[in-house]
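Below is one structure, written out as structure tokens; comments come after it.
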Amino acid sequence: MSRNQPKLKPPARPFFSCGIFRNCTQSVLSPRTPPSSAASFLQQPLPPPPPPPPLPPPTAAAAPLPSVAAPSSSSSSSSSSASHSFTQWRFPLQHSHHQHQPPPPPDPESNRPPSADSASTLSIDLAEAFHASELHFSAGDSLHALRLLERSLATASPSPPAPPASPGVMAGVVAALRVTATARAAAKVLLAMLLAEGNRRAAVEAGAVAAAVEAVASAGSGATTVKERTLAALELLCTVEEGAEEVREHALAPAALAGSVEEMTGRGRECGIGILAAIYGGERAAEAPSVVAHAVVVALQGECSTRGRRKGAQLLRALKERSRLDLAAVRDDC
């Protein structure tokens, strides 16, 4: 079937083609072909324009030419994503970082309710601790109240200043200092409370001076820690004028303080000399008994801190000026 079909002849190619004379070469001129009229020439369809010449291939030095044609929706989106990715690489976007960053896990400690035994790790409000301790003192549970006060004062923040202790709490601490079973904890709590200057006058009014002097006088040789803390608290009480006067007038004070200065070392000896210098220094040196000068001389001959030596030297100078220092008698006693 396909062999009987006649073959189609291709149209005659023009001799030349150009942009200006392309119309004149559509047909081959022949003397037998009549010339075409102007109307027939205008009725002929125009041939398609020739394709543009190909661009030269880009070299390594030459940059690619930008496209003049309007971009389509797909090319616009890809260009935008490419620009966005470059911006992220060169200048990291903050919102992208926060968008993909997982939220921090919740802190389990923040949602844990505080228990009664967690006062050693949490800062307890001192006002609430004082109120709870006063209730324990009223119920006769002094040891529980002292432990609560000890933990609360140890974990309290120095800023803002601690509120002053209530009279009921101060009276309970002073009463516990007179009892042998609770004297150790009471001495520690009293010293911590007296570090706040606002509690010192209240302690003097609650009878802390007499209780401290009696605790020092009755403390045995094995109660060194209780004695040191009580002497330190007593030295702070002497910063109040009424407290120093009460120590000076107490009958057991001279012998108890002199014995502590001679027998103890370190912090206890230093605090004992500080108390003697506070109550018998300056014009009060004329009231000092002889045991005071003897105890200070013995302490300065042994181991003593720098502060203790300075306080002792000041006291001996005041005693010498008031003719209360007999070195010969002291040398004989030593």
Going from [atom1] on [X] to [atom2] on [Y], what distance comes out if it is rounded to the nearest 0.5 angstrom?
X      : Y      : atom1 : atom2 : result
Ser133 : Leu153 : OG    : CG    : 8.5 Å
Cys304 : Lys311 : SG    : NZ    : 12.0 Å
Leu146 : His136 : CG    : NE2   : 11.0 Å
Ile275 : Cys238 : CD1   : SG    : 5.5 Å
Phe130 : Leu135 : CZ    : CG    : 13.5 Å
Asn199 : Leu236 : CG    : CG    : 11.0 Å

[Y] reachable from [X] in the ILVMFWY side-chain graph, under 4.5 Å edges:
X      : Y      : answer
Val226 : Val174 : no
Leu143 : Leu191 : no
Leu252 : Val292 : yes

Please assess Glu287 against Arg322 for the test salt bridge (Lys or Arg N to Asp or Glu O under 4.0 Å), listing each intermediate value before the final yes or no.
CA-CA 9 Å; Glu287 304 176 12; Arg322 302 300 185 276; over 6 Å; no
Least distance between heavy atoms, [X] atom then [Y] atom:
X      : Y      : value
Pro163 : Ala127 : CG-N, 4.1 Å
Leu194 : Ala203 : CD2-CB, 3.7 Å
Ala313 : Leu300 : N-CD1, 4.2 Å
Met170 : Ala202 : CG-O, 4.0 Å
Arg178 : Ala210 : NH2-CB, 4.1 Å
Leu195 : Arg200 : O-NH2, 3.8 Å

Can you tell me if Arg229 uses its side chain to pair, donor with acceptor, with the backbone of Lys188 under 3.5 Å?
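No; judged by distance alone, with no hydrogens or angles, the pair does not exist.
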Would the distance check show the side chain of Thr182 and the main-chain N or O of Ala176 forming a donor-acceptor pair, the cut-off being under 3.5 Å?
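Yes.
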Charged N to carboxylate O under 4.0 angstrom, [X] versus [Y]?
X      : Y      : answer
Glu249 : Arg284 : no
Arg248 : Glu245 : yes
Arg269 : Glu263 : no

Side chain proximity check, [X] to [Y], heavy atoms < 4.5 angstrom:
X      : Y      : result
Leu257 : Leu231 : yes
Leu319 : Val296 : no
Val247 : Leu237 : no
Val169 : Met193 : yes
Lys227 : Ser260 : yes
Leu316 : Lys320 : no

Salt bridge (Lys or Arg N to Asp or Glu O under 4.0 Å) between Arg307 and Glu235, worked out:
CA-CA 13 Å; Arg307 180 176 177 271; Glu235 186 178 7; 2.5 Å; yes
Would you say Gln314 has more than 12 foreign heavy atoms packed within less than 6.0 Å of its CD?
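More than 12 heavy atoms, drawn from other residues, nucleotides or ligands, come within 6.0 Å of this atom.
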Under 3.5 Å, is there a donor-acceptor pair between the Ser305 and Glu270 side chains?
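Indeed, the side chains of Ser305 and Glu270 share at least one donor-acceptor pair under 3.5 Å.
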